[in-house]
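Scroll down for the structure; my scribbles are underneath it.
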There are 2 protein chains.
Amino acid sequence: MGPFPLSSAQSHIPLGEYIFKRIESLGVKSAFGVPGDFNLSLLEHIYSTKLKWYGGCNELNAGYAADGYARASHKFGVLITTYGVGSLSALNACCGAWSEFVPLLHIVGTTSTVQKSSGQLTHHVAPGKLISSKSDHHIYERLVERLACKIESLKSVDDAPEKIDFLIKEIMETKRPGYLFLPCDLVNIPVSALRLGDLDLYKPMEIRPIEYCDQLASLVLSKIYSSSAPCMLVDILTDRFELTNEVRALVRKTNIPNLSTFMGKSVLDETEVSYIGDYNGDASNKEVQQFVQTCDLVIHIGAFYNEVNSGKHTLYNGIHPESLIIMNHENIIIGSTKFDVSFVHILPKIVSNFNSSKLPQFTIPCMEHHIENKSSKVAITQSQLLSSLQNFIQPKDTIVVDTCSVMFGLPDLRFPKDVKLIGQHFYLSIGMALPCSFGVAVANREMGVDSRVILLEGDGSAQMTIQELSAFVRHGLSPLILLLNNHGYTVERAIKGAEKSYNDIMPDWKWTKLLDTFGGGSCTSSVRVHQAEALDQELASYQGSLKLIEIELDKLDTPWRFYFMCG
Amino acid sequence: MGPFPLSSAQSHIPLGEYIFKRIESLGVKSAFGVPGDFNLSLLEHIYSTKLKWYGGCNELNAGYAADGYARASHKFGVLITTYGVGSLSALNACCGAWSEFVPLLHIVGTTSTVQKSSGQLTHHVAPGKLISSKSDHHIYERLVERLACKIESLKSVDDAPEKIDFLIKEIMETKRPGYLFLPCDLVNIPVSALRLGDLDLYKPMEIRPIEYCDQLASLVLSKIYSSSAPCMLVDILTDRFELTNEVRALVRKTNIPNLSTFMGKSVLDETEVSYIGDYNGDASNKEVQQFVQTCDLVIHIGAFYNEVNSGKHTLYNGIHPESLIIMNHENIIIGSTKFDVSFVHILPKIVSNFNSSKLPQFTIPCMEHHIENKSSKVAITQSQLLSSLQNFIQPKDTIVVDTCSVMFGLPDLRFPKDVKLIGQHFYLSIGMALPCSFGVAVANREMGVDSRVILLEGDGSAQMTIQELSAFVRHGLSPLILLLNNHGYTVERAIKGAEKSYNDIMPDWKWTKLLDTFGGGSCTSSVRVHQAEALDQELASYQGSLKLIEIELDKLDTPWRFYFMCG
Ligand SMILES: Cc1ncc(C[n+]2csc(CCOP(=O)(O)OP(=O)(O)O)c2C)c(N)n1
Ligand SMILES: Cc1ncc(C[n+]2csc(CCOP(=O)(O)OP(=O)(O)O)c2C)c(N)n1
């Protein structure tokens, strides 16, 4: 299927148009960003395609939205900013995407090639130590060198289509942000459009010989066949590298007991009988942890080993190293042997070569699922909140959660089918979720996915990026926003300074007036609740139009799992 | 005067306390930032001093506020963030301060020394290309290397007081941001407090021999004495390097006709008869430009030569190179000879050694000051706005302006005595002014300066950082906010895409409800005006309590000077 059959008349198109057509050819339908002098001439070309432009209130928000779009769509996010002021403002969002394997194409409009080589001190360019010496227009490129899978800094249009295609391929393959620094004088120069016919960009660049992959798959399978109590621990990189279907198929074929890591929650189908629960080392439910420790084979799939996702480095405690198989895009580790090959090439083979007759007998323990129930007179407790959520969540919901205390309570939930959880569980930048959920809602709408978007935001997180609420109104998107008002930075209070003023925020925001102030009309509603019953009623009455529920929580209440994390 | 006479019992204090006491000893009374796991233990020590903590809604805003505090106080701004998520979020504000010579001490709380050397993947740390290799906890330090006068990354408390003092000295001397990366496990370790008695930090580090400076001053003076039509062009670095009083004294002593650059506006006393007007090369009033071009000596003081501040590189057009003296902190250029010495050491000598009997006869031209008057039925014009401002501004006002179209109209104003203009006229990051004006208001209050703060914000700029409006309410500060609603990015429309959707913003914000929503009570007021008369009335009725006036402007109207800039 070539969406761009080219007549010879079209064999050359402006570089700007090439870029947007290339993006479009890969199924991406939206771009995020903020205009600025150095990207205006590029933005002009967006109108030659069907790509939709979503201008953010600021670049950080636009970056988070592009990140959310990528997470939800499983394509890649497109972010367009202007040099310096814009690209730096978005940096924290891009670093989050880098840290959590979210593919982003960040196009940065720069000064012209002439200005760049002149070294003149043009606006937005950070001068050097001495303003009397030439200024370096490449300064912002060098700055992101270690936060990008690849940086393409165009100096002319020579080979520009190849370079851009290769950059995008790299982004899609590594699932990490890449940068295109685009001088503003190049975008209108015609380039060959012939490459647009080539849609093989999604094909992986490097594949091991088939026999090698088969052998490795067999090795893993033999480990399974010879085990007596295997389990699968499924992690976030499974989702990022688009292996969710394979893993779910493996679960169905094998019935091996399976668990989610902290970051991997929602990759598995939690309604399967073989689903055990959420496992995060010492920060787990005791029965779950005991179960894992009795297994003689633990297959950690899509492993992203880091402090948060390893229960503070307790993830493999009590598991014999030889009983471990760990796999991700970097390597497959079987006991003490490491193979430098990506699970992208191995996992599908494991699934297809699996022979059910060789499967050992094992029992699937029955874990009772419950949420510890604390109640409070003055405010809704975190556990009540979780119970209410458990009742409210439906199949296909997308839950976007910020780095607020309730993030650490979500492993207590048991998700219905096809619920997707999105959050920055490792990088943990607060304020991310609100604009991210905007990108998620855009992607869902675009894909025609019938999914409710539910945003869980602490008050401290929310104030970071609150203006982007208006994007929902502006673009007719209608998530349910649960604003968890516990009067400041509870996560920090739990760590230090429970009553210190530095953990307070401005106490007088009228949260329920925000949607209206940001332009929400009669199809939006906002309400404040203090009691669990009222919360349940308000949840029940959410009918799919934009709604904000401000939930009054106790200042010092946190989910039990969190105490482990900050201990 | 030693504010900290130390008893022997106090000879050692925790490092965190040392830091805050050192800051306090230099007259800085406020710190800005956002708490996070890695700076909480530092923040605990702020309570051992009288320093006031101003938590920002997010780190970018806090960075801008610290910048505003520094600009207004002429001390330095203190910004405290947490590693990665926080320090990166503030980066654009810090890069703006770097680019415009604003001294900031940015203290970044990091992982502990143990974690740093372990290379473990701790939350907030950006992993490398391979997550299976060790992670580099110094990654965020390397990233700002070229945007800092100095980076101090502590590995132990050895010599920490010296290192910190030296860092601060460097910041104060270079007027640029410096970084202290502070591992969270060091802040409670006792260090010697003896250095706190030493308050000589404000003394410059390197001084040329007095004779050399005297000779150079004489050279400049002889140029003045032998000229027949001299003028002084006064620029922003005069203010940054605290030479405003010297320059004003020179003006009064010599009566030499004087002009402001675009960035230098408000450094001079514009009520002096010798004040000619604002000069920015081709982007000037024609009579002013003609005047400059007829001078046989142009002394450019505190020169910051860059694109914006040089009328797109036309600043010295029509001026003979031998008629030019240019001076700033890097060097003094007299005609074709360059001397590597800072004007900090020369200018005071010029003033004190000046001999009025040697002054040539020259005439001070009388420039008529007027604002071109366009009027419109549908909306207030930019020129009407400028006229209204001209009438409204009072001595001692502080005007903070964002990078919106009216910024380019301000050279049309003639300021009453001691008005201060603050804006990012070179780096031009939108959204800066609102949080900056918060920092300005904090500094003014602290210094007991009786100055009205007037904020000029475009709608596009305002939405970037709008949540920080709540800081005014929270801390009882009451600027006058002029929200210039011209329905999107007019500056960009003038450059390209006048009617393109990428230059639109969300049209339905209820600007006059914002203050109330962010917690403003009955002592705040908000109003919307469409006509010049109504604007004048609303300005007149500003009595010093927090007020927002939304001013309806035409979408495509810009000050005449701006067309030159974007041509
Ligand atoms: C950008 C950024 N700044 C600061 C932090 C440090 N931090 C982590 S959690 C948190 C508090 C979040 O508060 P809130 O959203 O109200 O949730 P709560 O903890 O109260 O449930 C803070 C300040 C961070 N993670 N990211
Ligand atoms: C952080 C940042 N992003 C983008 C830009 C590009 N830019 C410069 S001026 C401007 C428009 C400002 O709009 P507004 O504040 O409404 O003022 P107006 O031009 O309409 O008067 C934009 C988007 C910038 N300078 N800084």
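Protein chains get the first letters and strands the later ones, always in sequence-line order, with residue 1 at the start of each. Atom set for the values below is all heavy atoms of this structure, side chains included, hydrogens, waters and symmetry mates excluded.
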Pair A:Gln467, B:Gln467: side-chain N/O donor-acceptor within cut-off below 3.5 Å: yes

Taking C-beta and beyond as the side chain, do A:Asn503 and B:Leu43 meet within less than 4.5 Å on heavy atoms? no

SB check B:Lys513 A:Asp516 (cutoff 4.0 Å): yes

Do A:Trp53 and B:Tyr502 have ring centroids that are under 6.0 Å from one another? no

Is the ring pair A:Phe518/B:Trp509 parallel, tilted or perpendicular, if the boundaries are 30 and 60 degrees? tilted

May I have the step-by-step check of side chain to side chain contact (heavy atoms under 4.5 Å, CB included) for A:Ile131 and B:Asn306, ending in yes or no? CA-CA 9 Å; A:Ile131 49 173; B:Asn306 61 58; over 6 Å; no

With sequence neighbours left out, what residues match B:Arg176 under salt bridge (Lys or Arg N to Asp or Glu O under 4.0 Å)? none

Which region of B:Ala148, side chain (C-beta onward) or backbone (N, CA, C, O), has a non-hydrogen atom less than 4.5 Å from a non-hydrogen atom of chain A, or is it both or neither? backbone

Which atoms of B:His329 come close to chain A, meaning under 4.5 Å heavy atom to heavy atom: side chain ones, backbone ones, both, or neither? side chain

Side chains of B:Tyr305 and A:Ser132 only: does a donor on one sit below 3.5 Å from an acceptor on the other? no

Does a side-chain N-to-carboxylate-O contact under 4.0 Å join A:Asp37 and B:Lys496? no

For a side chain to side chain contact (heavy atoms under 4.5 Å, CB included) check, start with the C-alpha distance between B:Asp504 and A:Arg474, then their side-chain angles and the critical distance, and finish with the verdict. CA-CA 11 Å; B:Asp504 296 338; A:Arg474 185 177 183 194; 3.9 Å; yes

For the pair A:Glu44 and B:Lys500, evaluate salt bridge (Lys or Arg N to Asp or Glu O under 4.0 Å) and give the outcome as yes or no after the intermediate values. CA-CA 8 Å; A:Glu44 283 290 317; B:Lys500 289 288 166 60; 2.6 Å; yes

One pair to check against side chain to side chain contact (heavy atoms under 4.5 Å, CB included): B:Ile495 and A:Leu40. What are the steps and the verdict? CA-CA 8 Å; B:Ile495 300 175; A:Leu40 293 177; 3.9 Å; yes

Top of B:Gly519, B:Gly96, B:Gly33, B:Gly520 for chain A proximity - count of heavy-atom pairs under 4.5 angstrom: B:Gly519

